[in-house]
Amino acid sequence: MATVTAGFQVLPNGKDVDTDGVIPKIVEVVQNSGLTYHVGPMETVIEGSIDDVFNVIKSAQQVGIDEGASDVLTNIKLHYHEDGVSIKDKLTHVNEGMQGK
């Protein structure tokens, strides 16, 4: 199967959950995955085989659970293209058409 990209955000929730402490641990899981990634302000995007991508997302969600969240909501957007799709290709268009103030 071709390379996919997935944008995801993990939202741990619970009475005693400090998201300022959990989010860096989730990012660390992504960094240690060996996959190409881009951390943005609203989501993290990772690139790899679909199995590798979902394994990282499952591990990221587990961090929230392990940190005591009573609820962990994970939003996932998955992009598949028969020839593969990369984060680099997506980022080449970021500044096109955008005008700074």
Side-chain angles (χ1 to χ4, degrees):
M1 177 175 241
T3 298
V4 300
T5 57
F8 74 101
Q9 67 180 171
V10 177
L11 304 167
N13 189 23
K15 180 180 168 194
D16 296 321
V17 174
D18 173 16
T19 55
D20 287 340
V22 176
I23 301 304
K25 291 177 183 178
I26 291 170
V27 171
E28 188 175 322
V29 166
V30 174
Q31 291 171 331
N32 292 335
S33 71
L35 298 181
T36 300
Y37 66 92
H38 176 79
V39 177
M42 298 297 289
E43 69 180 3
T44 297
V45 180
I46 54 178
E47 170 188 327
S49 74
I50 195 164
D51 290 334
D52 289 344
V53 164
F54 274 109
N55 283 333
V56 171
I57 293 170
K58 288 188 325 187
S59 295
Q61 183 167 354
Q62 189 63 46
V63 169
I65 295 166
D66 292 346
E67 292 294 314
S70 55
D71 291 295
V72 180
L73 176 66
T74 302
N75 295 311
I76 303 169
K77 294 183 281 185
L78 186 67
H79 184 179
Y80 164 85
H81 187 276
E82 63 187 356
D83 295 328
V85 60
S86 73
I87 294 170
K88 182 179 177 183
D89 291 340
K90 289 175 175 281
L91 290 177
T92 59
H93 303 291
V94 168
N95 292 320
E96 290 181 14
M98 296 179 68
Q99 301 204 3
K101 293 183 178 187

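In what follows, every heavy atom counts, from backbone to side chain, and hydrogens, waters and symmetry copies are set aside. Nothing here was measured: the structure is a model prediction, and the numbers come from that model.
- The shortest heavy-atom contact between Val45 and Ile87 is O-CD1, 3.5 Å.
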Does Glu47 form a salt bridge (charged side-chain N to carboxylate O under 4.0 Å, His left out) with Lys88? I'd like the steps, not just the answer.
CA-CA 10 Å; Glu47 170 188 327; Lys88 182 179 177 183; over 6 Å; no
Which is it for Val10 and Val63 under the side chain to side chain contact (heavy atoms under 4.5 Å, CB included) test, yes or no, and what are the steps along the way?
CA-CA 9 Å; Val10 177; Val63 169; over 6 Å; no
For Ile46 and Thr5, what are the C-alpha separation, side-chain angles and deciding distance, and is it a side chain to side chain contact (heavy atoms under 4.5 Å, CB included)?
CA-CA 6 Å; Ile46 54 178; Thr5 57; over 6 Å; no
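- In the hydrophobic cluster analysis, where Ile, Leu, Val, Met, Phe, Trp and Tyr join through side-chain heavy atoms closer than 4.5 angstrom, Val56 is grouped together with Val39.
- To the nearest 0.5 Å, atom CD1 of residue Ile65 and atom NZ of residue Lys58 are 11.5 Å apart.
- Rounding to the nearest 0.5 angstrom, the gap separating the CD1 atom in Ile76 from the CZ atom in Phe54 is 5.0 Å.
- For the pair Tyr37 and Gln31, the tightest heavy-atom approach, listed with the atom from each and the gap, is OH-CG, 3.1 Å.
- Nearest heavy-atom pair, Ala6 versus Val53, reported as atom, atom and distance to 0.1 Å: CB-CG1, 3.5 Å.
- Considering all non-hydrogen atoms of both residues, Pro12 and Val22 come closest at CG-CG1, 3.7 Å.
- Taking all atoms of both residues into account, the shortest heavy-atom contact from Val29 to Ala60 is CG1-N, 4.1 Å.
- To the nearest 0.5 angstrom, Asp66 atom CG is 9.5 Å from Lys25 atom NZ.
- Val72 places none of its side-chain heavy atoms less than 4.5 Å from the side chain of Asn13.
- Atom CD of Glu67 and atom CD1 of Ile26 lie 8.5 Å apart (nearest 0.5 Å).
- A donor-acceptor pair is defined here as one N or O able to donate and one able to accept, closer than 3.5 Å; such a pair exists between the side chain of Asn55 and the backbone of Asp51.
- The structure places CG of Asp52 at 8.5 Å from OG of Ser33, a figure rounded to the nearest 0.5 Å.
- Between His79 and Val85, the closest heavy-atom pair is O-CG1, 3.3 Å.
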Assess the residue pair Val30 and Leu35 against the criterion (side chain to side chain contact (heavy atoms under 4.5 Å, CB included)); give the C-alpha distance rounded to whole Å, side-chain angles, the decisive distance to 0.1 Å, and a yes or no.
CA-CA 7 Å; Val30 174; Leu35 298 181; over 6 Å; no
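- Between the CG atom in Asn75 and the CG atom in Leu11 there is a gap of 5.5 Å [rounded to 0.5 Å].
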